[in-house]
Enquirer: 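Below is the structure I would like to discuss, written out as structure tokens.
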Amino acid sequence: MFTPYKISFLIVALAALLNAQSIPVETENLARAVVFLYDRSTTDAKVATGFLLGVPAAANAPSQGATFGWAFLVTARHVVDPEWQGCLPEGQTNPTRIEMRLNTKNYKDADPTGTEYVVVNLQQDGRPLWYHHDNDDIDVAVIPLTDYTIAPLADKHWFRIFDDDAGAISLSWFATPKVFNTASIGSSVVTAGLVPELSRAKRNYLTYRFGRISNIFPESIDVPCSFRFIFPTRTVSGQSQQTMRRGIAALLFSYFQLMSFKEMAWC
Amino acid sequence: MVLGQTELRGLIGLVSLGSPGTDFSGITPVSYIFEVIQQIFKENKWPTDALPSYQYAQR
């Protein structure tokens, strides 16, 4: 049974929307870069989302990928390190691997499925293969896609994942600090992600939300673990009333400073 | 809605909080992601000359 414990993800792109047709991102490329992530380490499998990020090889550097020099899977740290989140149910441990669901190419409606699962190893000999920020309060995890993290795929190199209908966001999509610093309460934003309720669909379907930044909080505020779950009524091993440690709270409200109201429903 | 008064462009962050069951989302600034990427390149001794030209590049 899949339990979508985290919805969202992703990207928040930015903004200045004059109308719904003016999404200032390359929607086709973005759809290929967003993936579902499955943690099946427990019977109560979890679903999360992530996106693929590509870094072009330097002019004189040997190419390590078909399109990019390097590629990374980016997601929230609490997806790969729920222990850090402070909300890991008793008796459970962090996942040692997750599965990344990619859309396949040349899909036809009559096909039984339009996706492929690729295993991403999170540990090797007990050593984490993913990276987090030096600031322990930042909820970001970056997983280099290499032959170590991508489980053996027959006789092919890890970058065969791009044989699927997958792509990667370029670092050039990142907003400059100058642009970021112009964000304020009321700024329009667009988020792009996958809807966990649709995780059984035959394909990954990227969905956008449109909203505005509603506040920028200057202080850390404790929030309950259950706050991260999709269904407010859901209780996980009695931890729904558990209070997150302050570091996480800081991540939510001090380091994640921007909060955006969803002004439109998922559609 | 008053639209078009700001001109934010580009990927500004990672949504690490938020769901249909809640009414807002939290955003992790994208600069933190870039800093982790820099850390990975440094630790693995990968050539970093590809990075500067893409650092926070404006689309």
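To find a chain, count down the sequence lines: A is the first, B the second, and so on, and within it residues start at 1. Keep in mind that this is a model prediction, so the values were computed, not measured.
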Enquirer: Got a second to check how far B:I33's CD1 is from A:F51's CZ, nearest 0.5 Å?
Expert: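 Result: 4.0 Å between the selected atoms.
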Enquirer: When rounded to the nearest 0.5 angstrom, what distance separates CG in B:N44 from OH in A:Y131?
Expert: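 Between B:N44 CG and A:Y131 OH, I get 4.0 Å after rounding to 0.5 Å.
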Enquirer: What distance do A:H133 atom NE2 and B:Q38 atom CD have between them, rounded to the nearest 0.5 Å?
Expert: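 Reported to 0.5 Å precision, the distance equals 9.0 Å.
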Enquirer: CD1/B:I37 to CG/A:L53 distance, rounded to the nearest 0.5 angstrom?
Expert: 5.0 Å
Enquirer: Could you tell me how the ring of A:F72 sits relative to the ring of B:W46: parallel (under 30°), tilted (30 to 60°) or perpendicular (over 60°)?
Expert: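 Rings of A:F72 and B:W46: tilted, as their planes differ by 30° to 60°.
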Enquirer: Before giving the answer on side chain to side chain contact (heavy atoms under 4.5 Å, CB included), spell out for A:H132 and B:V36 the whole-Å C-alpha distance, their side-chain angles and the decisive distance to 0.1 Å.
Expert: CA-CA 6 Å; A:H132 61 80; B:V36 177; 5.9 Å; no
Enquirer: When rounded to the nearest 0.5 angstrom, what distance separates CG in A:N135 from OH in B:Y32?
Expert: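 Reported value, rounded in 0.5 Å steps: 6.5 Å.
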